[in-house]
Amino acid sequence: MSTFPGGTSLSFLDVYDDAAPDGVVGGSPHLHLASTECYAVVGGEGELHTVTLDGCREIPLRPGAVVWFTPGTIHRAVNHRDLRVVVLMGNAGLPEAGDAVMTFPPDVVADPDRYRAAATLPPRSTEAERAADARRRRDLAVEGFLPLRDAIRAGDQAPLREFYAAAAALVRRRAGAWASIVRDGPLDQAEASLALTGHLALGVAPHLERAAVRQAPTPERAFGMCGRLSPVDVGVPPAVEHQPSRAADKEHSS
């Protein structure tokens with residue numbers, strides 16, 4: 001088992017520090033369709049704003065806080081002061097393969113071509129241009145997020161249910177390849193661990209002679225959905241990145 005424990009992925013996230021049109025400082029609201037995500041806060045202060053059919057929450061984020069959320073949780077990272085998070089994602093490889101949908105307005109989410117155009121960060125020559133593109137993408141996601149949040153607050157689940165259906169339809173074509181990512185990642189690790197426990201129950205441990213240490217290279221910093229993201233190379237095979245093209249960037253989480 002040479003990949004990161006549990007078939008998970010790991011990234012460092014510095015949440016965006018500029019304000020969206022509603023005045024809230026932070027990242028792009030989105031959900032994951034098949035993966036659970038975890039925030040472990042290592043610096044600064046902020047909040048995690050979530051929307052589910054059960055309601056809306058605003059969870060304080062301070063150093064030492066750990067919060068995780070399951071597929072279908074719309075989440076928005078909010079930065080009050082230098083918020084930095086270690087992000088753990090289940091099913092390493094799925095986020096890179098497109099296991100996320102941003103809360104763009106319904107007419108965008110319903111059209112795969114429009115969604116792809118809105119989600120993709122095009123190649124740019126300067127960091128300022130890339131930051132502007134990421135900001136425009138974030139602002140469009142916030143535009144669609146606010147009506148979803150407000151409807152849930154008002155007791156109306158219909159808009160969120162419609163968004164769930166549109167998100168599932170959006171990824172339907174590429175989701176056919178996701179089963180192999182799960183089999184080769186978390187399922188493979190679980191089966192290997194079961195085999196080890198079987199050996200140990202017999203009083204033998206041949207795997208101990210294959211003990212090894214892995215160290216990840218220093219991660220590169222990119223523009224993610226919720227902030228400047230530094231995904232750690234934990235042995236996940238290359239895949240189509242988080243949105244439908246490699247230019248769409250590799251945010252594993254928020």
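A salt bridge links Asp113 to Arg116: at least one charged side-chain nitrogen sits closer than 4.0 Å to a carboxylate oxygen. In this structure, Asp133 does not pair ionically with Arg130, as no charged nitrogen and carboxylate oxygen lie closer than 4.0 Å. Under 4.0 Å is where a charged nitrogen must lie from a carboxylate oxygen, and between Glu127 and Arg221 no such pair does.
The backbone N or O of Phe4 sits less than 3.5 Å from a side-chain atom of Gln189, completing a donor-acceptor pair. A donor-acceptor pair under 3.5 Å is formed between the side chain of Tyr115 and the backbone N or O of Met102. Between the side chain of Arg137 and the backbone N or O of Ala119 there is at least one donor-acceptor pair closer than 3.5 Å. Between the Asp22 side chain and the Leu146 main chain, no donor and acceptor come within less than 3.5 Å of each other. Here the side chain of Arg228 pairs no donor or acceptor atom with the backbone of Phe12 at under 3.5 angstrom. Looking at Glu45, its side chain never comes within 3.5 Å of a backbone N or O of His80 through a donor-acceptor pair. Side-chain atoms of His199 do not come within 3.5 Å of backbone N or O of Val204 as any donor-acceptor pair. In this structure a side-chain-to-backbone donor-acceptor pair under 3.5 Å is missing from Asp18 to Arg135. Remark: the backbone N or O of Gly26 is not paired with any side-chain donor or acceptor of Asn79 at under 3.5 angstrom. His49 contributes no side-chain N or O that, together with a main-chain N or O of His75, makes up a donor-acceptor pair within less than 3.5 Å.
Residues Arg76 and Thr103 are not in side-chain contact: their nearest non-hydrogen atoms beyond the backbone lie 4.5 Å or more apart. At least one side-chain heavy atom of Pro112 sits under 4.5 Å from a side-chain heavy atom of Leu170. Within the 4.5 Å cutoff, the side chain of Phe69 has no heavy atoms near those of the Thr52 side chain. Side-chain contact check for Thr73 versus Arg57: every heavy-atom pair is 4.5 Å or farther apart. The shortest distance between side-chain heavy atoms of Leu33 and Pro71 does not fall below 4.5 Å.
To the nearest 0.5 Å, atoms CG (Leu148) and OH (Tyr164) are separated by 9.0 Å. Note that CG of Asp54 is 9.0 Å distant from CD1 of Ile152, once rounded to the nearest 0.5 Å. Rounded to the nearest 0.5 angstrom, Leu94 CG and Trp178 CH2 are separated by 6.5 Å. With values rounded to the nearest 0.5 angstrom, Thr70 atom OG1 is found 11.5 Å from His32 atom NE2. Atom NE2 in His30 sits 11.0 Å away from atom CZ in Phe104 (nearest 0.5 Å). Taken to the nearest 0.5 Å, the CG atom of Asp233 stands 11.0 Å off from the OG atom of Ser9.
Under the 4.5 Å side-chain heavy-atom criterion for ILVMFWY residues, a single connected hydrophobic cluster contains both Val67 and Leu83. In terms of hydrophobic clustering, with Ile, Leu, Val, Met, Phe, Trp and Tyr side chains grouped at heavy-atom distances under 4.5 Å, Val78 and Ile59 are assigned to different clusters. By the rule that hydrophobic residues join a cluster once side-chain heavy atoms approach within less than 4.5 Å of another member, Val25 and Ile74 end up as members of separate clusters. If you chain together hydrophobic residues whose side chains sit under 4.5 Å apart, Ile181 and Leu187 never meet in one group. Using a 4.5 Å cut-off between side-chain heavy atoms of Ile, Leu, Val, Met, Phe, Trp and Tyr, with links allowed through other members, Val109 and Leu53 fall into the same hydrophobic cluster.
Closest heavy-atom contact between Gly27 and Val142: O-CG2, 4.4 Å. The minimum heavy-atom distance between Gly144 and Pro147, with the atom names listed, is O-CD, 3.3 Å. For Asn91 against Ala34, the heavy-atom pair with the smallest separation is ND2-O, 3.0 Å. Heavy atoms only, all atoms of each residue included: Pro60 and Ala65 are closest at O-CB, 4.4 Å. Nearest heavy atoms, Ser35 versus Pro95: OG-CD, 4.3 Å. Across all their heavy atoms, Ala141 and Ser28 have their closest contact at CB-CB, 4.1 Å.
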Derivation and outcome, side-chain contact (heavy atoms from CB on, under 4.5 Å), residues Glu47 and Val24: CA-CA 11 Å; Glu47 293 178 335; Val24 175; over 6 Å; no

* Begin from the C-alpha positions of Leu88 and Trp68 and carry the test side-chain contact (heavy atoms from CB on, under 4.5 Å) through to its verdict. => CA-CA 9 Å; Leu88 292 171; Trp68 63 94; over 6 Å; no

